[in-house]
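Encoded as structure tokens, the structure appears first; notes follow it.
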Amino acid sequence: MRKSLTDPLPGSLDQTANEVRAIGSDALVAKLDLAVREDWPVAVAAGLERFGRLDVLVNNGRYVGPGHMDPFDDTPVELIERMILCNVVAPLHLVKLCLPAMKRQGGGIIINITSSAGERETPALIGQGGWGLGYSLSKAAFNRMVPGLAKELRPHHIAVIGLMPGFVGTEWMAAELGEFGFDASKALPVENPGRVCAMLATAEDPMHFSGRDIHGPSFHAEHALVRFEG
């Protein structure tokens with residue numbers, strides 16, 4: 001059962017925006033539902049209007065809702081199509097919408113949060129630590145976006161980077177996925193992929209990473225201590 005609006009997960013977009021402003025930066029909260037096509041261009045246009053440029057796009061959202069952890073035999077194919085809409089088609093449109101601004105300004109960075117589910121199958125059954133087929137199918141396509149787009153966009157100095165975050169203990173996982181065999185206490189903290197995204201987005205030469213799928217836990221262990229703790 002998904003959490004209701006009266007029982008939300010910790011934190012909010014507004015809280016995050018206020019924390020960003022508190023350190024001296026600006027922030028804009030814009031509605032963007034991956035399942036609502038009309039939201040996609042409006043959100044990108046709002047960011048451009050507010051900041052005048054688009055430097056980094058992080059594709060991290062995905063479908064989470066009824067049926068996403070059901071066995072294939074119990075899942076309508078129409079629901080798998082919805083997962084593909086949210087997990088593959090929407091990110092492609094967002095990239096397409098951001099490209100004109102990135103080309104005009106001479107470059108940009110696209111980071112796709114990839115998943116090992118798109119590369120290999122877990123022996124665990126669905127609901128016992130395994131994931132639904134729709135997630136695996138959509139993540140396989142999403143993962144493949146990175147090398148293909150990187151090759152095409154390199155002449156425009158637009159880096160396309162995959163970030164394989166590892167097993168991360170998000171608030172959603174802790175609150176909702178324990179019954180499906182996922183133990184958030186054994187997972188990496190959410191700061192790990194966030195820090196890696198920050199390092200990639202501010203790298204001196206992001207094109208060095210373009211077309212690659214960065215293993216987040218290893219990258220964090222090698223670089224975060226110097227960057228954030230040193």
Side-chain angles (χ1 to χ4, degrees), residues 2 5 8-9 11-21 25-68 78-115 118 134-135 137-163 165 172 193-194 197-198 200-202 206-207 210-211:
R2 298 181 67 184
L5 293 176
L9 293 169
S12 67
L13 291 175
D14 288 330
Q15 178 182 335
T16 301
N18 288 334
E19 291 176 357
V20 170
R21 296 182 185 112
S25 297
D26 195 5
L28 169 70
V29 175
K31 177 181 178 292
L32 200 165
D33 187 331
L34 295 175
V36 180
R37 291 175 178 268
E38 294 77 12
D39 280 3
W40 308 340
V42 174
V44 173
L48 267 174
E49 181 179 359
R50 178 66 166 267
F51 301 107
R53 58 185 294 127
L54 290 171
D55 293 293
V56 182
L57 169 66
V58 179
N59 284 314
N60 182 42
R62 66 176 179 89
Y63 175 86
V64 177
H68 77 120
E78 290 78 9
L79 183 55
I80 293 178
E81 291 175 350
R82 187 173 180 84
M83 294 182 199
I84 292 173
L85 171 69
C86 296
N87 300 358
V88 182
V89 177
L92 280 173
H93 276 270
L94 291 172
V95 170
K96 180 85 79 171
L97 289 164
C98 291
L99 283 183
M102 289 183 173
K103 288 180 179 179
R104 283 197 306 270
Q105 65 200 30
I109 303 170
I110 299 165
I111 300 175
N112 279 4
I113 307 301
T114 57
S115 173
Y135 180 67
L137 292 174
S138 59
K139 276 300 184 179
F142 185 71
N143 291 2
R144 279 293 303 137
M145 286 168 56
V146 172
L149 285 176
K151 177 177 62 178
E152 291 192 38
L153 299 180
R154 183 171 290 275
H156 303 286
H157 303 287
I158 298 173
V160 184
I161 307 167
L163 170 55
W172 175 268
C197 277
L200 294 172
T202 56
M207 297 305 298
S210 192

Worksheet item: Applying salt bridge (charged side-chain N to carboxylate O under 4.0 Å, His left out), which residue pairs with at least one partner in residues 29-39 are found, sequence neighbours left out?
Response: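 Only Lys31-Asp39 qualify under salt bridge (charged side-chain N to carboxylate O under 4.0 Å, His left out).
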Discussion item. Enumerate the salt bridge (charged side-chain N to carboxylate O under 4.0 Å, His left out) contacts for residues 89-112, please, sequence neighbours excluded, ordered by first and then second residue.
Written reply: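 Sorted pair list comes back empty.
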Would you say that [X] contacts [Y] through its side chain, given a criterion of any heavy-atom pair below 4.5 Å between the two side chains?
{"X": "Val160", "Y": "Met145", "value": "no"}
{"X": "Tyr63", "Y": "Leu85", "value": "no"}
{"X": "Ile113", "Y": "Cys197", "value": "yes"}

Worksheet entry | Heavy-atom closest contact (Ala201 atom, Ile111 atom, distance) |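 That would be N-CD1, 4.5 Å.
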Fill in: Nearest heavy-atom neighbours spanning Ala43 and Leu32
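Looking at all heavy atoms of both residues, the closest pair is CB-CD1, 3.5 Å.
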side-chain contact (heavy atoms from CB on, under 4.5 Å) partners of [X], counting only residues at least two apart:
{"X": "Leu137", "result": "Ile80, Leu133"}
{"X": "Ala17", "result": "Arg21, Ala27, Val29"}
{"X": "Ser115", "result": "Ala117, Tyr135, Lys139"}
{"X": "Glu81", "result": "Val77, Glu78"}

Discussion item. Here's a test for you: under side chain to side chain contact (heavy atoms under 4.5 Å, CB included), which of Leu57, Leu99, Val89, Ile110 qualifies with Leu94?
Written reply: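 By the side chain to side chain contact (heavy atoms under 4.5 Å, CB included) criterion, Leu94 pairs with just one of Leu57, Leu99, Val89, Ile110: Leu57.
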Rounded to the nearest 0.5 Å, how far does [atom2] of [Y] lie from [atom1] of [X]?
{"X": "Asp55", "Y": "Thr202", "atom1": "CG", "atom2": "OG1", "value": "11.5 Å"}
{"X": "Ile109", "Y": "Leu54", "atom1": "CD1", "atom2": "CG", "value": "12.5 Å"}
{"X": "Thr114", "Y": "Leu163", "atom1": "OG1", "atom2": "CG", "value": "6.5 Å"}

Item to complete: For side chain to side chain contact (heavy atoms under 4.5 Å, CB included), just list the numbers for Asn59 and Val95, CA-CA rounded to whole Å, side-chain angles, deciding distance to a tenth of an Å, and then say yes or no.
Response: CA-CA 9 Å; Asn59 284 314; Val95 170; 3.8 Å; yes
Discussion item. Please determine whether side chain to side chain contact (heavy atoms under 4.5 Å, CB included) holds for the pair Leu153 and Ser210, giving the CA-CA distance in whole Å, both sets of side-chain angles, and the decisive distance to 0.1 Å.
Written reply: CA-CA 9 Å; Leu153 299 180; Ser210 192; over 6 Å; no
Item to complete: Identify, with sequence neighbours excluded, every residue that meets salt bridge (charged side-chain N to carboxylate O under 4.0 Å, His left out) alongside Arg50.
Response: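 If we apply the salt bridge (charged side-chain N to carboxylate O under 4.0 Å, His left out) test to Arg50, skipping adjacent residues, the hits are Asp26.
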Practice prompt. If a pair satisfies ring-ring contact (aromatic ring centres under 6.0 Å, His included) and one of its residues is in residues 85-109, list it, with sequence neighbours excluded.
Written response: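 Matches after skipping sequence neighbours: Trp40-His93.
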Worksheet item: Got a sec, which pairs hit side chain to side chain donor-acceptor pair (under 3.5 Å) with one end in residues 140-156, sequence neighbours left out?
Response: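 Matches after skipping sequence neighbours: none remain.
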